[in-house]
Every structure is written in C-alpha cells, then in structure tokens.
Trainee: 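Take this structure, written in structure tokens, and hold onto it; I'll ask about it next.
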Amino acid sequence: MSYDFDTVINRHNTGSLKWDYFKDPDVISMWVADMDFKVASPILEALHKEIDFGVLGYSQPQEKLNELIIERISNNFNWEINKDWIVWLPGLVPALNAACRGVGNDGHKVLTITPIYPPFLTAPRLSRRKREVISLKRNQQKWELDFEEFEKQCADGVKLLLLCNPHNPVGKVYTKDELENIFLICDRYDIVVCSDEIHCDLILNDELNHIPYASIHKNAEKNSITLMAPSKTFNIPGLNCAYAIIPDKEIRDEFNKSKEGIIPYATGLGYSACYAAYKECHAWRQELLVYLNGNLSLLQETVNSLENVSMIPPEATYLAWVNISKLQIENPMETFASYGLGISPGKWFQDKDYIRINFGTSKSQMEKAMDRFRKAVNEI
Ligand SMILES: Cc1ncc(COP(=O)(O)O)c(C=O)c1O
C-alpha cells in the first residue's frame, strides 16, 4: 500500500463529534459516519496553501471546480450535466430540508425508504410535510424494494421521494432495473426524486457501478435533485462543502428560494479541498476501497462466527447494518458501550433490531473492536 491507513490517530479530546461522544475514553467509537484516517496529502497541501495565504473571506467556487465536477460526472457516471445545474451547499442535510421545502406545499406527502439515515426522517416534518415510509425487504443476501407496495404509496398523493443511493445504512447500490422501476412509477405520479448520492464514490463491490438516478432517463433528470459531495469519500465532512445538481430551472429556483437566508455558503477551505480531492486523490480512493474491503471481511467473519447476529454485507459505504434482534437488548448503544464499543442504535434509522457499525478505521482498531464485539455478543 502506498498510503497509510494503519496508523491509529488518537482523536479523543479534539472536539471530534465521533470520539468525544462517549465519556469513557476506552470506548472505540464506530458510530457517526466519518473515518479515522488522515486525509490524502494533496488535500492537506491545498488547505495549507489557503491558510498560508492568510485571508479567509467569503468564497465562491472557481470555474475550474465546476468544470472538474462536470468532467468527473461524465467520466465516472456517464451523465452529462450543465454548469447552471450545480448549486453549492455547506452540507447535504440542509439540502434534504431545502428539497422538502422547495417541492410541493404544506401537508404534501414526502416518501422515504427505511431503514434510513435519520435526517431523511426529520426533514419532511421540519418542512411541514407529511412523512410516509416504505421499508426495504430482506431477501436472502439482498435488500429489496417491494415495487407493488411502492407504487401503492406513490399513487396516494406523494410529491417528493427522498432516495438514498447508495443507501445508508444498509449499503445497497440500486441497480439500473431498480432505478428504472422507480423512475417509471415516479414519472406516472409526477413525483420529484431527491437522490442523495453522497456515498457514490464508495462502491466496495467491484461488480457494481453507481448509476445516478437522474441519468436513467431525460424525464428522470428533469424531475430530480441529485445530492453529491466529496465529504464521505475523502473524509472531509468537517469542511462543509457539497452540491446539488438540479437540471430543471423551476425546481432549482424553488430549492434556492427555500434555502435563502438560512443556508450559508460553502467554505473556501471546502472548495479547495474538494478540488484537490477530485483532481488528485483517485489513487488514494482506490486504496481506501481495498482497505475498507479488508475491514469488511474481518467484520463479516466475526459476524459469521457468531450465532445470534447476522448481516447482509454492504455493497457500498463504510457502514455495516448488523441484525442483533436475537440478543433482545433494550438499549444497544449503552450495552455495547459497556463492552467498549460505540455503535449507532438501529432505532435512530427506524429499525430497533439492528445496529450500525462504522468500519472506516485502522485495521488494528478494527481487530480490537471485533474482539470486543465477539465478547459482547457471547455474554449478552
Ligand atoms: C446519506 C447521507 N446524506 C447526508 C449525510 C450528511 O451530509 P452533510 O454532512 O453534508 O450534511 C450523510 C452522512 O453520513 C449521509 O450518510
């Protein structure tokens, strides 16, 4: 390996949301979705350059950044986008909320697919919309959407679908067929699709590709809001830099109106880091994916060796969704923390039978965590 993912970096008492959440410093923190790796050198160099310049005023994206995004999306995902469609943002959680406010009116229905990253569940209510949910079904080693049920829900007045592809927390990568089915149904009922694709550069399974929902069909593109960012893949979520791609002017105008005066600009440091990440960190990302697959194998072996837990391996992301229903624990976060493991409880994602484990960490930390997980499952 040319890059260092092995060094354990002590993040305690650094103001880290992930590591300072648990008061016990012995807990290995594997909850919120950031990784424990240092960012790639080109990103650090770009940030040093900004700091050395010394003036940190308001920023806007430079032309070369927009051009890079357009080129990258064309090369990586076969989707041709236009500069005017890009809306820069300080984060994608605000974008989910702006999408809910910008599409439809008070009381209109927003559908999302559970289990799901919690802001998908809160954004509709915060935007005075009615939230509807449909659950993914577990079918052998796959997570699947029941399209009959999906269509029934869509037919009942839904205005906006909040899609997550790749899907956090189950790690599902939607196939072309599935996206086409989603499109056909959403097109039939005139539903706008907000597709959060923040994890699109973290496909772990070589046989799979990320397909942007909007690239499926011209009408899908027209009725879509696609959300992307370098933050998850290159481990820079603290820099607040993300973007929405909104091809239709009317939808874009409404989205922009709903964020006006509330959502700030992205940051200059974020733009610089984004440019460096997309321009110069391709090899780093390739090695990261190999490293994450190593951690995932370790996690899968551990889960397979235990009778009372199970998991469908994620196809993307560095998040694993582990079924612990047989353990019958009331408060999994507290219980696993008492074994020195900090996890996210499934109830946050609307399924209390699961926990989410973030495996974006060094191998030695992962091994230690798996020993603790084994001990916990055997003793509970
Ligand atoms: C699907 C998804 N969307 C959005 C976010 C967070 O986005 P941001 O930090 O840009 O608000 C996450 C973070 O884990 C996520 O998994």
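Counting convention: from 1, in listed order, for ligands and their atoms alike. All of these numbers come straight from a predicted model, not from anything done at the bench.
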Trainee: Would you call Asp36 and Lys18 a salt bridge, taking side-chain N to carboxylate O under 4.0 Å as the test?
Mentor: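 Salt bridge present between Asp36 and Lys18.
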Trainee: Between Asn295 (side chain only) and Phe359 (backbone N and O only), is there a donor and an acceptor less than 3.5 Å apart?
Mentor: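 At least one qualifying donor-acceptor pair exists.
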Trainee: Just checking, is any N or O donor in the side chain of Glu151 or Tyr189 under 3.5 Å from an acceptor N or O on the other one?
Mentor: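 Short answer, yes.
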Trainee: Is it the case that the side chains of Trp79 and Glu221 hold a donor-acceptor pair, with the cut-off being a distance below 3.5 Å and no angle test?
Mentor: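 Checked: Glu221/Trp79 side chains pair up, N/O donor to acceptor below 3.5 Å.
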Trainee: Out of Tyr243, Tyr117, Phe120, whose heavy atom sits nearest atom 6 (C) of ligand 1?
Mentor: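 It is Tyr117 that holds the nearest heavy atom.
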Trainee: I need the nearest protein heavy-atom contact for atom 1 (C) of ligand 1: residue, atom name and distance, please.
Mentor: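 Among all protein heavy atoms, the one nearest atom 1 (C) of ligand 1 is Asp196 OD2, 3.3 Å.
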Trainee: Checking a contact table here: which protein heavy atom is nearest atom 10 (O) of ligand 1, and how many Å away?
Mentor: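 Going atom by atom, the protein heavy atom closest to atom 10 (O) of ligand 1 ends up being Leu92 N, 2.7 Å.
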Trainee: I need the contact type for Ala33 against ligand 1. Using non-hydrogen atoms and a strict under-4.0 Å cut-off, is it side chain, backbone, both or neither?
Mentor: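 Answer for Ala33: side chain.
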Trainee: Does Lys259 make a cation-pi contact with Phe255 (under 6.0 Å, within 45 degrees of the axis)?
Mentor: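 Checked: cation-pi criterion not met.
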Trainee: Which of the atoms in ligand 1, numbered in the order shown and given with their element, are less than 4.0 Å from a heavy-atom of Cys164?
Mentor: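 Taking each heavy atom of Cys164 in turn, ligand 1 has 1 (C) under 4.0 Å.
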Trainee: Under a 4.0 Å N-O cut-off, is there an ion pair linking Glu71 with Lys64?
Mentor: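 Lys64 and Glu71: not salt-bridged.
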Trainee: With heavy atoms only and a cut-off of under 4.0 Å, state how Ile198 meets ligand 1: side chain, backbone, both or neither.
Mentor: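 Within the 4.0 Å criterion, Ile198 contacts ligand 1 through side-chain atoms alone.
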Trainee: For Tyr291 and Asp6, does a side-chain donor sit closer than 3.5 Å to a side-chain acceptor?
Mentor: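 The answer is yes; a qualifying pair exists.
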Trainee: Taking only non-hydrogen atoms of His167, do any sit less than 4.0 angstrom from ligand 1?
Mentor: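 No heavy atom of His167 comes that close to ligand 1.
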Trainee: List every atom of ligand 1 that sits less than 4.0 Å from any heavy atom of Gly91, numbering the atoms from 1 in the order shown and giving each element.
Mentor: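 Within the 4.0 Å cut-off of Gly91, ligand 1 contributes 10 (O), 11 (O).
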Trainee: So is Val93 polar-close to ligand 1, meaning N/O to N/O under 3.5 Å?
Mentor: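 Yes.
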Trainee: Can you tell whether the side chains of Asp34 and Arg11 come within less than 4.0 Å, N to carboxylate O?
Mentor: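 Salt bridge: yes.
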Trainee: Taking only heavy atoms of His199, which atoms of ligand 1 are found under 4.0 Å from at least one of them?
Mentor: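 Those of ligand 1 that fall under 4.0 Å from His199 are 15 (C), 16 (O).
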Trainee: Which residue holds the protein heavy atom closest to atom 13 (C) of ligand 1, what is that atom called, and what is the gap in Å?
Mentor: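 Answer for atom 13 (C) of ligand 1: Lys232 NZ, 2.8 Å.
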